2 protein chains.
Amino acid sequence: MTDEGRRNVRDLRRANRARLLRQLYFHGPLSRQDLIQATGLSSASVSNVVADLLDAGLVVEAGAVESEGGRPRILLRVDTSSFEVIGIDVGETRIRLERFDLGLGELAALDLPVIGGSLDPEAVVPAIAAGLAELRAGAAAPLLGVGIGVPGIVQHQPYAVVHGQTVGWDAFPLEERLREHTELPLFIDNGATTMAQAEMWFGAGRDVDSAVFLLLGSGAGAGVIADGAPFRGSTTSAGEWGHLNVQYQGRLCRCGARGCLEAYVGAEAVIARYAEAAQAAGSAGIDASDEEEALRLILAAAERSGREGEAARSVLDETAVRIGVGIADVVNFLNPQRVIIGGWAGLALAPSLLPRIREVVRAHALRLPYSLTSVDLGALGADAVARGAATLPVARLLEAGA
Amino acid sequence: MTDEGRRNVRDLRRANRARLLRQLYFHGPLSRQDLIQATGLSSASVSNVVADLLDAGLVVEAGAVESEGGRPRILLRVDTSSFEVIGIDVGETRIRLERFDLGLGELAALDLPVIGGSLDPEAVVPAIAAGLAELRAGAAAPLLGVGIGVPGIVQHQPYAVVHGQTVGWDAFPLEERLREHTELPLFIDNGATTMAQAEMWFGAGRDVDSAVFLLLGSGAGAGVIADGAPFRGSTTSAGEWGHLNVQYQGRLCRCGARGCLEAYVGAEAVIARYAEAAQAAGSAGIDASDEEEALRLILAAAERSGREGEAARSVLDETAVRIGVGIADVVNFLNPQRVIIGGWAGLALAPSLLPRIREVVRAHALRLPYSLTSVDLGALGADAVARGAATLPVARLLEAGA
DNA sequence: ATGACTTAGTTCGAGACGTGATTTAACCTG
DNA sequence: CAGGTTAAATCACGTCTCGAACTAAGTCAT
């Protein structure tokens with residue numbers, strides 16, 4: 001039904017240029033011969049299109065492969081220094097800005113703490129603007145654009161508006177507000193989706209084309225990749241994994257509903273549940289300055305014997321069970337080739353909970369989709385959201401082929 | 001990452017031919033002028049491509065539109081009599097075969113009861129073969145193919161194998177087995193997906209491009225449409241809505257897990273739950289020869305006063321609540337523009353339960369995705385599965401443009 | 001009835017593209 | 001340095017879409 005697509009011969013060339021560029025970006029360096037093999041185009045066309053790309057400065061020669069009796073193959077690669085991009089992770093506990101080259105090699109980074117643990121959108125805009133200015137100062141190549149991952153649903157109408165129901169962002173016009181501070185192209189998307197894109201390009205999803213990436217931080221979300229591309233639903237709100245209902249009339253979630261997964265498995269929820277359990281057990285609970293430390297203390301407590309350890313182990317076990325059930329839902333409903341757990345809280349919790357999580361998934365998923373999937377940890381660490389945000393302008397470039 | 005797509009100028013023509021054919025199929029009859037508007041192609045190209053389609057016999061002239069001072073526009077439409085297709089619904093309670101013209105107008109139908117309420121795959125194959133032979137007898141045009149909707153997960157490896165965990169089909173090689181009886185092209189897919197396709201083309205999804213269709217029969221499944229096309233996951237198992245976990249350690253589901261939605265909302269589950277409730281209340285329960293009658297009796301009982309009515313109302317109310325929660329999950333996670341309830345049980349239950357279902361969805365869904373969606377009844381009735389199956393060969397024709 | 005006007009559809013020449021065949025380039029071996 | 005081998009560029013050809021010119025088929029005023 002979409003009215004996009006090739007119409008005339010020039011669109012055809014654009015598509016073929018994009019195809020070669022993409023191949024070189026993800027599998028380069030390659031020779032022209034390799035490109036013929038990989039794309040099915042004729043040698044004449046590959047020569048022509050490569051000449052285009054060389055002229056545009058997007059691709060450069062990268063040495064030659066040693067000859068085996070004939071003319072040696074000249075290798076080609078994307079010139080990663082031809083453009084730079086900026087990726088921003090607007091998290092509930094901090095804002096992280098990073099500058100990358102076109103190949104997503106990190107060039108500079110900046111961490112801004114969120115003041116008072118509250119993500120006031122009115123404070124976020126000037127913070128990002130200042131960070132952007134600082135990062136741009138060192139750039140050695142034109143900036144392709146700025147990608148931003150946010151903790152909420154993004155609606156393009158046509159300028160990005162963010163609905164962060166759980167962090168108090170009510171239809172905040174982030175794109176328009178940032179537009180006052182910069183003329184750079186802006187790409188705003190849900191943070192879980194950007195994380196998913198980063199893991200697909202460079203991490204745990206490199207070798208599949210359908211996967212679900214769980215972002216466990218203060219809350220819980222997911223990025224869904226289908227057929228190699230982000231699945232966004234009719235707005236971009238697909239992937240609100242944290243608000244699957246796992247318990248009828250269960251715990252109250254900060255979204256206002258009862259029984260959401262996020263009310264059990266996000267860092268905020270785990271900490272709250274531990275506080276309740278500790279109180280019930282008559283022990284002291286924990287005293288931490290922030291969520292990351294609190295989570296570390298709970299994990300440490302679980303190693304100890306006695307009532308305190310018992311409470312921590314029980315809270316963590318239920319966390320694993322709820323995550324496992326949530327993953328089984330995803331496996332049954334979306335049939336991904338892989339489920340990847342990421343986010344700072346996910347990366348902190350999963351190493352010790354993974355066996356239990358897998359056990360629960362096995363018990364609750366249908367046999368066939370279960371047999372075709374696996375549950376693993378993210379490969380990129382906690383900066384995957386910012387890195388994935390930076391892939392957005394690059395993806396645009398690869399699609400356009402210029 | 002996909003390696004499909006246009007390469008040379010002939011592929012370009014094929015794509016444009018497909019584009020025009022598709023436009024005529026869904027929005028015809030149209031004049032060449034309308035096609036220029038709709039596709040953005042030049043008048044010259046439209047003339048050429050239309051000439052192709054006329055030569056191929058796929059399109060015919062269909063009168064003219066009255067002139068407004070100039071030469072009248074000649075209308076074009078797809079010749080629906082140029083091909084016929086067969087669609088088959090393999091349901092848990094019956095097998096339905098239908099023959100259609102290319103425009104999915106029904107030409108003939110055949111209903112085969114499932115003997116003994118058990119869907120033995122070894123009995124299904126000869127039944128389908130016999131039904132096919134009977135239906136083909138009356139065909140007046142070449143048969144484009146046979147589409148089959150089945151109650152289970154379909155894996156193409158490369159011939160369709162059906163995993164119907166809840167009906168006891170264990171990797172049944174349906175395509176190979178049917179191949180022994182017919183040389184017609186076979187298109188096998190999950191029944192919920194075919195129903196979704198039918199509703200998208202001709203029913204409740206005509207004006208959107210992202211929707212979820214719930215198939216409530218003996219069990220419960222869903223067909224997911226994203227960007228106008230069926231979402232199939234890495235195999236075709238996406239959409240196993242009935243096995244979302246809605247209650248930790250809840251009722252035992254026939255899939256073997258506990259707390260699946262299907263253990264609460266499928267006809268089989270509703271009848272079982274009513275039997276338990278009636279027994280607990282000391283009333284007689286129901287005595288019906290099949291599931292459809294049983295469901296009717298329960299709905300009728302809910303209209304009566306007294307303990308019996310009370311039990312029925314309570315069972316139906318929980319059914320509505322569970323369906324509502326299951327829909328809220330879908331709304332949050334996939335962000336569809338519409339959620340449509342279909343299937344014979346869904347169509348029987350939903351009229352009376354819809355207000356309660358909507359109330360529960362509202363309470364459990366996030367505000368934004370809730371505000372962008374609606375929950376409604378299917379528009380095509382219970383033969384949507386067979387009709388949707390028949391769309392599969394047609395979809396192939398429209399994609400190929402010849 | 002006639003001719004001016006209007007709109008629909010076709011034809012024509014130009015420009016762009018991809019392809020297979022041919023030619024040129026660059027290396028190796030003896 | 002000649003003969004062989006493989007890579008890359010070039011050429012001639014066919015196909016495509018497009019804009020413009022042209023033909024077809026109506027209406028309307030006179």
Side-chain angles (χ1 to χ4, degrees), chain A residues 3-21 23-24 29-56 59-77 401-402, chain B residues 3-21 23-24 28-55 59-77 401-402:
Chain A
D3 219 2
E4 294 288 315
R6 286 74 236 172
R7 282 184 178 72
N8 57 33
V9 285
R10 308 188 73 147
D11 297 327
L12 189 58
R13 166 59 68 99
R14 199 195 334 278
N16 282 334
R17 190 166 48 214
R19 196 201 304 269
L20 290 197
L21 185 58
Q23 195 71 27
L24 285 172
L30 295 172
S31 70
R32 290 175 179 78
Q33 297 295 319
D34 299 329
L35 290 172
I36 293 166
Q37 281 273 326
T39 63
L41 266 69
S42 68
S43 69
S45 295
V46 169
S47 264
N48 285 330
V49 176
V50 166
D52 269 17
L53 291 170
L54 286 169
D55 280 353
V59 166
V60 291
E61 298 194 344
V65 105
E66 58 195 62
S67 164
E68 291 165 4
R71 175 174 175 173
R73 302 179 176 191
I74 298 170
L75 293 175
L76 304 160
R77 64 171 176 82
Chain B
D3 219 2
E4 294 289 315
R6 283 78 232 174
R7 279 184 181 72
N8 57 34
V9 284
R10 306 187 75 148
D11 297 326
L12 189 59
R13 165 60 67 101
R14 200 196 332 279
N16 281 335
R17 190 165 49 214
R19 194 200 304 269
L20 289 196
L21 186 57
Q23 195 70 27
L24 284 172
L30 295 172
S31 69
R32 290 175 179 78
Q33 296 297 319
D34 299 328
L35 290 173
I36 293 167
Q37 282 273 328
T39 64
L41 266 68
S42 68
S43 66
S45 294
V46 168
S47 263
N48 285 329
V49 176
V50 165
D52 269 17
L53 292 171
L54 286 168
D55 280 353
V59 166
V60 291
E61 298 193 344
V65 105
E66 60 196 61
S67 163
E68 290 165 4
R71 177 175 173 172
R73 302 180 175 190
I74 298 170
L75 292 175
L76 303 160
R77 64 172 176 81

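Numbers restart at 1 for each chain; the letters A, B, ... are given by sequence-line order, proteins then strands. Model, not experiment: these values are computed from the prediction.
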Please pick, from C:dT19, C:dT11, C:dG15, the nucleotide with the shortest atom-to-atom distance to any side-chain atom of A:S42.
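Nucleotide nearest to A:S42's side chain: C:dT19.
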
Side chain of B:R73 (C-beta onward), nearest among C:dG9, C:dT19, C:dA16:
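It is C:dG9.
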
Length of the line joining [X]:[atom1] and [N]:[atom2], which is rounded to integer Å:
{"X": "B:L41", "N": "C:dG9", "atom1": "CG", "atom2": "C1'", "answer": "15 Å"}
{"X": "A:R17", "N": "C:dA16", "atom1": "CZ", "atom2": "P", "answer": "14 Å"}
{"X": "B:I36", "N": "C:dT7", "atom1": "CD1", "atom2": "P", "answer": "14 Å"}
{"X": "A:D11", "N": "C:dC17", "atom1": "CG", "atom2": "C1'", "answer": "12 Å"}

Considering just the side-chain nitrogens and oxygens of B:Q33, establish if one lies under 4.0 Å of OP1 or OP2 belonging to C:dT7.
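No, outside the criterion.
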
OP1 or OP2 of C:dT10 versus the side-chain N and O atoms of B:N48: is any pair under 4.0 Å?
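Checking B:N48 against C:dT10: no side-chain N or O falls below 4.0 Å of OP1 or OP2.
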
Strictly below 4.0 Å, heavy-atom distances to any atom of DNA chain D: list the hits from residues 63-72 of chain A, or just say none.
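Those residues whose heavy atoms fall under 4.0 Å from DNA chain D, taken from residues 63-72 of chain A in numerical order, are A:G69, A:G70, A:R71, A:P72.
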
Over all atoms of both residues, closest heavy-atom pair of B:L76 and B:L35
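Between these two residues, the closest heavy atoms are CD1-CD1, 4.2 Å.
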
A:P29 to A:L75 - nearest heavy-atom pair and separation:
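Residues A:P29 and A:L75, closest heavy atoms: CB-CB, 4.2 Å.
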
Judged by each residue's nearest nucleotide on DNA chain D, which is more toward the 5′ side, A:I74 or B:R13?
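That would be A:I74.
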
Under the side chain to side chain contact (heavy atoms under 4.5 Å, CB included) criterion, do B:L24 and B:R77 qualify, and how do the steps go?
CA-CA 6 Å; B:L24 284 172; B:R77 64 172 176 81; 5.9 Å; no

Can you check whether B:R7's main-chain N or O pairs, donor with acceptor, with A:N16's side chain at less than 3.5 Å?
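Answer holds: yes.
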
Partners of B:R71 by side-chain hydrogen bond (donor to acceptor under 3.5 Å, both in side chains), sequence neighbours excluded?
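If we apply the side-chain hydrogen bond (donor to acceptor under 3.5 Å, both in side chains) test to B:R71, skipping adjacent residues, there are no hits.
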
Less than 3.5 Å apart, which donor and acceptor atoms pair up between the side chains of residues 59-67 of chain A and the rest of the protein, not counting sequence neighbours?
| residue | atom | partner | partner atom | Å |
| --- | --- | --- | --- | --- |
| A:S67 | OG | A:G69 | N | 3.0 |
| A:S67 | OG | A:G70 | N | 3.1 |
| A:S67 | OG | A:G70 | O | 2.4 |

Let me check something: any side-chain donor-acceptor pairs from residues 41-50 of chain A under 3.5 Å, sequence neighbours excluded? List them with distances.
| residue | atom | partner | partner atom | Å |
| --- | --- | --- | --- | --- |
| A:S42 | OG | A:S45 | N | 3.2 |
| A:S42 | OG | A:S45 | OG | 3.2 |
| A:N48 | ND2 | A:A44 | O | 3.4 |

Name the first nucleotide and the last nucleotide along DNA chain D (5' to 3') that come under 4.0 Å of a heavy atom in chain B.
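From 5' to 3', the first and last contacting nucleotides are D:dT15 to D:dT27.
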
How many angstroms lie between CZ in B:R14 and CG in B:N8, if you round to the nearest 0.5 Å?
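Going from CZ on B:R14 over to CG on B:N8, the span is 8.0 Å.
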
Among residues at least two apart in sequence or on other chains, which ones pass salt bridge (charged side-chain N to carboxylate O under 4.0 Å, His left out) with A:D34?
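Here the qualifying residues are A:R73.
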
